[in-house]
Amino acid sequence: MSANKIQHKVNHVALVVDCSGSMRPHQSQLVRVVDEFVAGLKAESDSLGHETRISLYSFDHQVENLVWDMDVKHLPSMRGLYKVNNGATALIEASLKSLDDLGHIWEEYGEHSFLQIVVTDGEENASGGDRRHDGDMAILGPWLDKIAAKMGALASHWTSAILVPNSLAKRTAQNYGFPAGNIAIWDADSQEGVEEAIGTVRAAATSFLRGREQGVRGTKNLFAIGQDISVDDVRANLEPVPADKYRLLKVDTEVEIRSFVDSHPGVTYERGSCYYQLGTRVQVQPDKEVIVVEKDTDRAYTGDAARSLLFGTDVQGTVSVKAGRNPKLEVYVQSRSVNRKLKPNTRLLIML
């Protein structure tokens, strides 16, 4: 009987969204970010044939479950579900509750994975009791211990990630136990920042689900790209660039892109002809082309499908990404800047 059994993939996603008073100016933007994330989950789940179930939580000084483990295809918009209150920010308590709740899901049948994404515009100030009035932070210590212990004990098929408003909040999230590669910064105060957040979470949804196809059930690099694609994927979906149409140059020290190119015989800097190797986190605008290079052969591939292969189906806006760890492939992003700083121990691809 077991030989005929289908071991289908089941993804359980928990979105944990800040609804404290400071979120009021961002309410409509946040609804857009969450709705686009859910749309990405739906599209990629349909494409891959996964079952994806979603839970929604909101939190100020209290934590409330809005939706529990619902088929993502049936989830309505966050509009009407999400409402900003006047409370403080029980970030740790909300993160712990959603993880504890997901832990009650039965995993006997099917191949299950768990993804938690927390979205906040502030920092912890309320777990363990409402401190909006007295400002007493003394009881926060045990909650810090709780979340660090919980994060440290997560099984390998669990992924916990967070969107935070600034670099200070990112360091705090790392102290809580969120892996650095699962923390992204979003700017809720600008339209550009909201568009970037939308692209980033949709790309993350794609990366998570595609990783499942490669046998990866959990990740500590959710907001990275490229680690979930193979050489076969690239060859099947992208177009090879003729070998005489590009050059790859090694970058040894930090240097401006134009002076670096002009220092090499036989090439001259032209805007749009240079592609830097993706490494640390950058913003990739929707009009920037991308190229994928096989490490072993230096063969380059590009085409209209390159962005969707890397960032996900229907991800059209700006995305905030860094390079994932892929032993076979490198990702290159088009630059139109004359003074972009190239990083040491990378390469620059020049179209001739």
Heavy-atom side-chain proximity of H8 to V10 below 4.5 angstrom
yes
With a 4.0 Å cut-off, would you call D46 and K73 a salt bridge?
yes
Are V17 and V31 joined in one hydrophobic group, where the rule is that I, L, V, M, F, W and Y side chains link up if heavy atoms are under 4.5 Å apart?
yes
Exercise: identify the closest heavy-atom pair between S98 and Y57:
CB-CE1, 3.7 Å
Flag the pair L352 / R247 as yes when at least one side-chain heavy-atom distance between them is below 4.5 Å, and no otherwise.
yes
Residue pair S230 / D232, side-chain donor-acceptor N/O under 3.5 Å:
no
Hey, is the main chain of I291 close enough, under 3.5 Å, to the side chain of Y275 for a donor-acceptor pair?
no
When you measure from the side chain of Q116 to the backbone of S95, do you find a donor-acceptor pair of N or O atoms at a distance under 3.5 Å?
yes
Is the ring pair Y176/F178 parallel, tilted or perpendicular, if the boundaries are 30 and 60 degrees?
tilted
Can you confirm whether N11 sits close enough to V72 that some side-chain heavy atom of one is under 4.5 Å from a side-chain heavy atom of the other?
no
Count the heavy atoms belonging to other residues, nucleotides or ligands that lie under 6.0 Å from NZ of K295, then report whether that count exceeds 12.
yes
Would you mind checking if E256 and R340 are paired as a salt bridge, meaning a charged N to carboxylate O distance below 4.0 Å?
no
Using distance alone, with no hydrogens and no angle criterion, decide if T297 and E294 have a side-chain donor and acceptor under 3.5 Å apart.
yes
So which heavy atom on V251 is nearest to which on L348, and how close?
CG2-N, 4.3 Å
Let me check something: do V331 and V293 share a hydrophobic cluster, defined by ILVMFWY side-chain heavy atoms less than 4.5 Å apart, either directly or through other members?
no
I want to check something: taking the side chain as every heavy atom from C-beta on, are Q62 and E64 in contact at a cut-off of under 4.5 Å?
no
Do V119 and V16 make a side-chain contact, defined as non-hydrogen atoms from C-beta onward lying under 4.5 Å apart?
no
Please determine which of W158, F208, F114 meets the ring pair (Phe, Tyr, Trp, His ring centres under 6.0 Å) test together with H12.
F114
Neighbour count >12 (heavy atoms, 6.0 Å) for atom NZ, K288:
yes
Would you kindly confirm whether L329 and V282 end up in one hydrophobic cluster when ILVMFWY residues are joined by side chain heavy atoms under 4.5 Å apart?
yes
Shortest non-hydrogen pair, V164 vs I183, comes out as CG2-CG2, 3.9 Å
Would you find a donor on one side and an acceptor on the other, under 3.5 Å apart, between the side chain of R307 and the backbone of E289?
no
Using modelled atom types and a 3.5 Å cut-off, is there a donor and acceptor pairing between side-chain atoms of Q334 and backbone atoms of G272?
yes
Is the CD atom of E270 crowded by more than 12 outside heavy atoms at less than 6.0 Å?
no
Nearest non-hydrogen partners of P165 and T120, listed with the distance
CD-O, 3.7 Å
Determine whether V38 and M78 make a side-chain contact, defined as any pair of heavy atoms from C-beta on separated by less than 4.5 Å.
no
More than 12 non-hydrogen atoms from neighbouring residues, nucleotides or ligands closer than 6.0 Å to CG on D304, yes or no?
no
Charged N to carboxylate O under 4.0 angstrom, K146 versus D100?
no
Counting only heavy atoms not in K9 (residues, nucleotides, ligands), do more than 12 fall under 6.0 Å from its NZ?
yes
